Peer 1: 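Can you keep this structure in mind? I'll have questions shortly.
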There are 4 protein chains.
Amino acid sequence: MPVATAVQDPEKRQAILKASIEVFAQQGFGGADVEVIADRAGVGKGTVYRYFGNKRDLFLATADAGMRMLEASILEAIDGVEDPVETIRRSGNAYGEFFRKHPRFVEILILERAEFRGSIPDTHLVYRAKNRGVLDEIIKQGIRDGVFRNLDVHEATNAFANLLFGTVVTGCIEGASGKLGQAIENAVDIYIHGILIRPKAEAT
Amino acid sequence: MPVATAVQDPEKRQAILKASIEVFAQQGFGGADVEVIADRAGVGKGTVYRYFGNKRDLFLATADAGMRMLEASILEAIDGVEDPVETIRRSGNAYGEFFRKHPRFVEILILERAEFRGSIPDTHLVYRAKNRGVLDEIIKQGIRDGVFRNLDVHEATNAFANLLFGTVVTGCIEGASGKLGQAIENAVDIYIHGILIRPKAEAT
Amino acid sequence: MPVATAVQDPEKRQAILKASIEVFAQQGFGGADVEVIADRAGVGKGTVYRYFGNKRDLFLATADAGMRMLEASILEAIDGVEDPVETIRRSGNAYGEFFRKHPRFVEILILERAEFRGSIPDTHLVYRAKNRGVLDEIIKQGIRDGVFRNLDVHEATNAFANLLFGTVVTGCIEGASGKLGQAIENAVDIYIHGILIRPKAEAT
Amino acid sequence: MPVATAVQDPEKRQAILKASIEVFAQQGFGGADVEVIADRAGVGKGTVYRYFGNKRDLFLATADAGMRMLEASILEAIDGVEDPVETIRRSGNAYGEFFRKHPRFVEILILERAEFRGSIPDTHLVYRAKNRGVLDEIIKQGIRDGVFRNLDVHEATNAFANLLFGTVVTGCIEGASGKLGQAIENAVDIYIHGILIRPKAEAT
DNA sequence: CATGAATGAGCCTTCATTCAT
DNA sequence: TATGAATGAAGGCTCATTCAT
């Protein structure tokens, strides 16, 4: 007899995760009713539990799925780009664009931070840790090339991530997502100027 | 049904708010038990309800009390300072310092954003709106003085607030608050360089 | 030192009873809030307890006060009347008139029956027992005089009381009290015909 | 949120209603604890809520179920009977008999009147309205046949219902139900004499 | 495997009652 | 004596989780 984690239908799994994002984002973690998620996914409540174990793990899987998508979006956006400044700009825009397209997902991020602070390695930070290497490398390269100021690379990367995070969090409230793109562009612009050795300041 | 009636003992009110911050920060909104808050405050459960009406309003009052303190801290830190750059630096540092001293309160901010997204005017944003005029003015002045680039003032202010917010949110997880001061300083440094017309880049 | 049942201000007592009727009638026993009664009476909650001991006893005192008034109304209405038929008719009309003027009080009666069924000697029945002698005597007299059928007097008295009670209970719902007088008259008419030896049937 | 969804086990539903009558009748509406009802019914508290939504609706359903039984009892008792007098007598006796067999249910009636006065169409009156046509017709027929006095039919029907109601309400307190049959018979007797054109008074 | 009816722990909230002032 | 702030027991209701079908 195989363990409980037997064969699972990937489509069903996706349907549950999709419903999950919506319901969690709309109702919060405490406010979300697993039954509602099951209904929206078109499966029985028991199936949700079979696939994800419990509400908490379902939520975490939802957050993880979102982060995976975000990660992919960004990596795709910067794939093949050589110029450090352009890379940073594009990754920032991709970040913003992702949340503009999936505003629900900002809630998930917030929720995770709010409900599971510290109790688990925060998905957002896990992914940041995983992917920071890419950005670290870009910034290091820029410093080496004399394009960027001689910053603490780790801190500079964090600042970028925090700026983006803060921007989507306050920028995704209600239908305000329309202005999110603009807000991100301005934020990225300031950030880039902030790390450039000789920003083309006057030009802007 | 009294709503927020009568003479209330300010000490008791404070005790409840203090317990409130701790319990909400540690357990989340849904996870917090009003009885626990009452116990920690050394009052009966009924008293909490007498003072704050219901759990939600207790939470909101908690958030508001925190924001009031934050606001005061920042205004005090920049009081009398003339130089725009210095004002920005100090307000950023005051922001960071506040959350370093009251790390619990970051959780309250997050929680509010998470639980009441949209349903109420977010305390954080209300205070931002209320106080942004100060920063707007500083930036405008800097632009007029030729110190800052010709930015969209509103966006620049937002970027600053978002950067700080993002920094404390990711910087206040678990005992990491030790490094929060450093993170804030780096973030502020990048921000200031990002808006200066001619940053003393090489000097850093 | 005198016992707790010390000096009491009769006006205060009346004020409390008056408020009591309204609040209990409107909110039911469980739904009534002693604080509201105290407020309406213009006294402190503690005073209500000082005067009546507890909610239950307050309610019972309220019911008793009402019954006392009803009793007085009826006795006054039949005072000096000799004719048995007329006496019955008048007592019935006085009963109806009382509840038409104090519709709130029907609720008290119902409530008492509903909340304290059996647990206490029902005020309504206590008063019925106390006053039935009067009606019993009238009916006995009528039988002796050959005016009324040879009925079981006790049962006949009960039937009269039950008929009146049933009529006000269903007749006092909502603003229907306007028709209560009519309903009582019709009920009394049928009752009297029902006990008369030779009703002047055709005349009606 | 399901309201009264899905396939429900009729046996379970009945068990809950049965427990409901007992507990409400014994404890009153406010005094009844839904958990006790659940326990007596041999189901979980959640099941009660699943089946009936909330305490109030459970109570109303209980009242309705009782009225349905009462209605059936009476209709069965008068089925096929032609004589108006006999029909009235039988329906009165059936009414009494029903409450003699289910004395608990009188409490439900009282409770409903007490707790929900006006807030809902009183079940008792709803059923009265629904079934009054039957009695109205009988009395009309009697009047047409010259058997009954020329009464206001509507009022006469009401008087009958009120008399019966008053009788069971005061007759069903505690173990007094033994005498209820007798009380009803006497009441019905007086009523019938009260509406007959020429009651066979002397014969009784 | 899938389902959803059943469960009961958990928690918010109310309000009768007390008692310090 | 009067007050009303404080208390905490009590109970309605929800919803995560289980498990019989």
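First the proteins, then the strands, lettered A, B, ... as listed; each starts at 1. Side-chain atoms are counted along with the backbone in the values below, which use heavy atoms only and exclude waters and symmetry mates. What you see is a predicted model, and the numbers here were worked out from it, not measured in a lab.
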Peer 1: Rounded to whole angstroms, how far apart are CG on B/Asp9 and C1' on F/dT7?
Peer 2: 15 Å
Peer 1: Enumerate all atom pairs, one protein N or O and one N or O from nucleotides 17-21 of chain F, separated by less than 3.5 Å.
Peer 2:
{"unit_1": "F/dT17", "atom_1": "OP2", "unit_2": "A/Tyr49", "atom_2": "OH", "d": "3.2"}
{"unit_1": "F/dT17", "atom_1": "OP2", "unit_2": "A/Lys55", "atom_2": "N", "d": "3.0"}
{"unit_1": "F/dT17", "atom_1": "O4", "unit_2": "A/Lys45", "atom_2": "NZ", "d": "2.8"}

Peer 1: Look at the side chain of B/Arg13 and the backbone N and O of B/Gln8, then say whether any donor-acceptor pair between them is shorter than 3.5 Å.
Peer 2: no
Peer 1: Tell me whether B/Tyr51 contacts the main-chain N or O of B/Lys12 through its side chain, where contact means a donor paired with an acceptor under 3.5 Å.
Peer 2: no
Peer 1: Holding to ring-ring contact (aromatic ring centres under 6.0 Å, His included), I want the full list of residues that pass it with C/Phe29, two or more places apart in sequence or in another chain.
Peer 2: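 For C/Phe29, the residues satisfying ring-ring contact (aromatic ring centres under 6.0 Å, His included) (neighbours in sequence not counted) are C/Phe24, C/Phe59, C/Phe116.
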Peer 1: If you find the nucleotide of DNA chain E closest to A/Gly44 and the one closest to D/Gly42, which residue's nucleotide is nearer the 5' end?
Peer 2: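 It is A/Gly44 whose nearest nucleotide is closer to the 5' end.
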Peer 1: Who passes side chain to side chain contact (heavy atoms under 4.5 Å, CB included) against A/Gln27, sequence neighbours left out?
Peer 2: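 By the side chain to side chain contact (heavy atoms under 4.5 Å, CB included) rule, A/Gln27 matches A/Val23, A/Ala32.
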Peer 1: Restricting to side chain to side chain contact (heavy atoms under 4.5 Å, CB included), what partner residues turn up for A/Leu70, sequence neighbours left out?
Peer 2: A/Met67, A/Ile74, A/Tyr95, A/Phe98, A/Phe99
Peer 1: Figure out the CG/P separation between D/Asp39 and E/dA9, and round it to whole Å.
Peer 2: 11 Å
Peer 1: Please identify each residue that fulfils side chain to side chain contact (heavy atoms under 4.5 Å, CB included) with A/Ala41, with sequence neighbours left out.
Peer 2: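 A/Ala41: side chain to side chain contact (heavy atoms under 4.5 Å, CB included) contacts with A/Ala15, A/Ile16, A/Ala19, A/Val43.
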Peer 1: I would like to know whether D/Leu17 and D/Phe52 meet side-chain contact (heavy atoms from CB on, under 4.5 Å); could you show each step before the answer?
Peer 2: CA-CA 10 Å; D/Leu17 285 175; D/Phe52 294 94; 3.8 Å; yes
Peer 1: Applying salt bridge (Lys or Arg N to Asp or Glu O under 4.0 Å) as the test, list every pair that has at least one member in residues 28-41 of chain B; sequence neighbours left out.
Peer 2: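 Counting only pairs at least two positions apart or across chains, the salt bridge (Lys or Arg N to Asp or Glu O under 4.0 Å) contacts touching residues 28-41 of chain B are B/Glu22-B/Arg40, B/Glu35-B/Lys45.
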Peer 1: Sequence neighbours left out, what passes side chain to side chain contact (heavy atoms under 4.5 Å, CB included) with C/Lys18? Give chain and number order.
Peer 2: none
Peer 1: Do the side chain of D/Arg113 and the main chain of C/Val169 share a donor and acceptor less than 3.5 angstrom apart?
Peer 2: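 Judged by distance alone, yes, a pair lies under 3.5 Å.
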Peer 1: Using salt bridge (charged side-chain N to carboxylate O under 4.0 Å, His left out) as the criterion, list what pairs up with A/Asp64, not counting sequence neighbours.
Peer 2: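 A/Asp64: salt bridge (charged side-chain N to carboxylate O under 4.0 Å, His left out) contacts with A/Arg68.
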Peer 1: Rounded to whole Å, how long is the line connecting atom CZ of B/Phe52 with atom P of F/dA5?
Peer 2: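 These atoms are roughly 15 Å apart.
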Peer 1: Using a 3.5 Å limit on both pairing distances, list the dot-bracket string of DNA chain F from the 5' end; Watson-Crick and G-U wobble pairs count, crossing pairs take [ ], interstrand pairs take |.
Peer 2: .||||||||||||||||||||
Peer 1: Whole-Å distance between E/dT13 C1' and B/Asp57 CG?
Peer 2: 13 Å
Peer 1: Find the distance C/Ile37:CD1 to E/dC15:C1' and express it as a whole number of Å.
Peer 2: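 Spelled out: CD1 on C/Ile37 to C1' on E/dC15 is 12 Å.
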Peer 1: Find the distance C/Arg50:CZ to F/dT3:C1' and express it as a whole number of Å.
Peer 2: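 So the CZ-C1' distance, C/Arg50 to F/dT3, works out to 10 Å.
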Peer 1: Which residues in residues 12-33 of chain C have a heavy atom closer than 4.0 Å to any atom of DNA chain E?
Peer 2: C/Ala32, C/Asp33
Peer 1: Of all the nucleotides listed (F/dA5, F/dA2, E/dA6), which has the minimum atom distance to the side chain of D/Thr47?
Peer 2: E/dA6
